[in-house]
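To start, the structure itself, in structure tokens.
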Amino acid sequence: MGKQATITNDVADFRYELRLDGDLAAYAAYVIKDGIIDFNHTVTLEEHRGRGVATQLLRAALQDVRARGEYQVRVSCSFCADFVDKNPEFQDLLAD
């Protein structure tokens, strides 16, 4: 049986986190300024790399940003930029 994934927005630490059975597996850090949320760093803990957890995390984070409707998105992190390039359904969130 697989591990239970939980994704939350840790607003105190300015990052979305993906936890597997309660243990941190990946996070996407961000900064907010002038109505833009800039995803500037993504980390997957070594033991979870290559399993798609960062992709799952970023998809959920961008869906949350869309649902809240508060911010446009900037993707300074190369992983995030690549993700948005490969998933055009999120390109409408991008700041000009």
Side-chain angles (χ1 to χ4, degrees):
M1 179 150 96
K3 293 184 176 189
Q4 176 66 37
T6 305
I7 298 169
T8 57
N9 181 4
D10 182 346
V11 295
D13 285 333
F14 300 98
R15 66 187 197 179
Y16 281 85
E17 298 178 341
L18 185 145
R19 294 181 177 273
L20 295 173
D21 290 342
D23 295 325
L24 183 65
Y27 65 87
Y30 60 82
V31 294
I32 297 173
K33 184 178 179 183
D34 299 328
I36 296 173
I37 183 169
D38 182 358
F39 287 93
N40 59 6
H41 190 59
T42 304
V43 173
T44 301
L45 276 65
E46 188 172 341
E47 61 269 24
H48 300 292
R49 291 185 183 154
R51 299 181 185 171
V53 294
T55 298
Q56 182 181 358
L57 170 62
L58 196 53
R59 180 176 306 282
L62 291 172
Q63 288 171 339
D64 184 60
V65 169
R66 172 174 280 131
R68 292 177 185 272
E70 297 173 309
Y71 305 110
Q72 289 186 296
V73 173
R74 183 168 293 133
V75 286
S76 297
C77 166
S78 60
F79 177 83
C80 295
D82 187 54
F83 176 85
V84 172
D85 283 345
K86 292 178 180 176
N87 294 275
E89 66 269 27
F90 295 112
Q91 291 177 2
D92 64 304
L93 294 173
L94 295 177
D96 295 330

Minimal heavy-atom distance between L57 and A28, with the atoms involved, is CD2-N, 3.5 Å
Test side-chain contact (heavy atoms from CB on, under 4.5 Å) applied to I7 and L58, D64, V53, L18, the passing residue:
L18
Give the minimum heavy-atom separation between I36 and A95, together with the two atoms involved.
CD1-CB, 3.8 Å
Short side-chain to backbone donor-acceptor contact, E70 and V65, under 3.5 Å:
no
Would you give the length of the straight line joining atom NE2 of H41 to atom SG of C80, rounded to the nearest 0.5 angstrom?
10.0 Å
For A5 and Q56 the tightest heavy-atom approach is CB-NE2, 3.7 Å
Of the non-hydrogen atoms in T44 and R49, which two are nearest, and what is the gap between them?
O-NE, 2.9 Å
So for atom CD, which belongs to E46, do other residues, nucleotides or ligands contribute more than 12 heavy atoms lying within a distance under 6.0 Å?
no
Given side chains that start at C-beta, do those of K33 and R74 come closer than 4.5 Å, heavy atoms only?
no
Could you label the plane-to-plane angle of the Y30 and Y16 rings as parallel, tilted or perpendicular, counting under 30° as parallel and over 60° as perpendicular?
tilted
Does N87 reach the main-chain N or O of F90 with its side chain, forming a donor-acceptor pair under 3.5 Å?
no
Would you compute the distance between atom NE2 of H48 and atom CG of D23 and round it to the nearest 0.5 angstrom?
6.5 Å
In one Ile/Leu/Val/Met/Phe/Trp/Tyr side-chain cluster, 4.5 Å: I32, V84:
yes
Under 4.5 Å between any side-chain heavy atoms of V75 and F83, yes or no?
no
First locate atom CG of D85, then atom CD of Q91, and finally report the distance between them rounded to the nearest 0.5 Å.
6.5 Å
Do you know which two heavy atoms are closest between R19 and L24, and how far apart they sit?
NH1-N, 3.3 Å
Taking ring pair (Phe, Tyr, Trp, His ring centres under 6.0 Å) as the definition, give me every residue that meets it alongside F79, ordered by chain and number, with sequence neighbours left out.
none
Do D92 and R66 make a side-chain contact, defined as non-hydrogen atoms from C-beta onward lying under 4.5 Å apart?
yes
For the atom pair CG (L45) and OH (Y27), what is the distance rounded to the nearest 0.5 Å?
8.0 Å
Rounded to the nearest 0.5 Å, the CD1 atom of I37 sits from the CZ atom of F14 at a distance of 10.0 Å
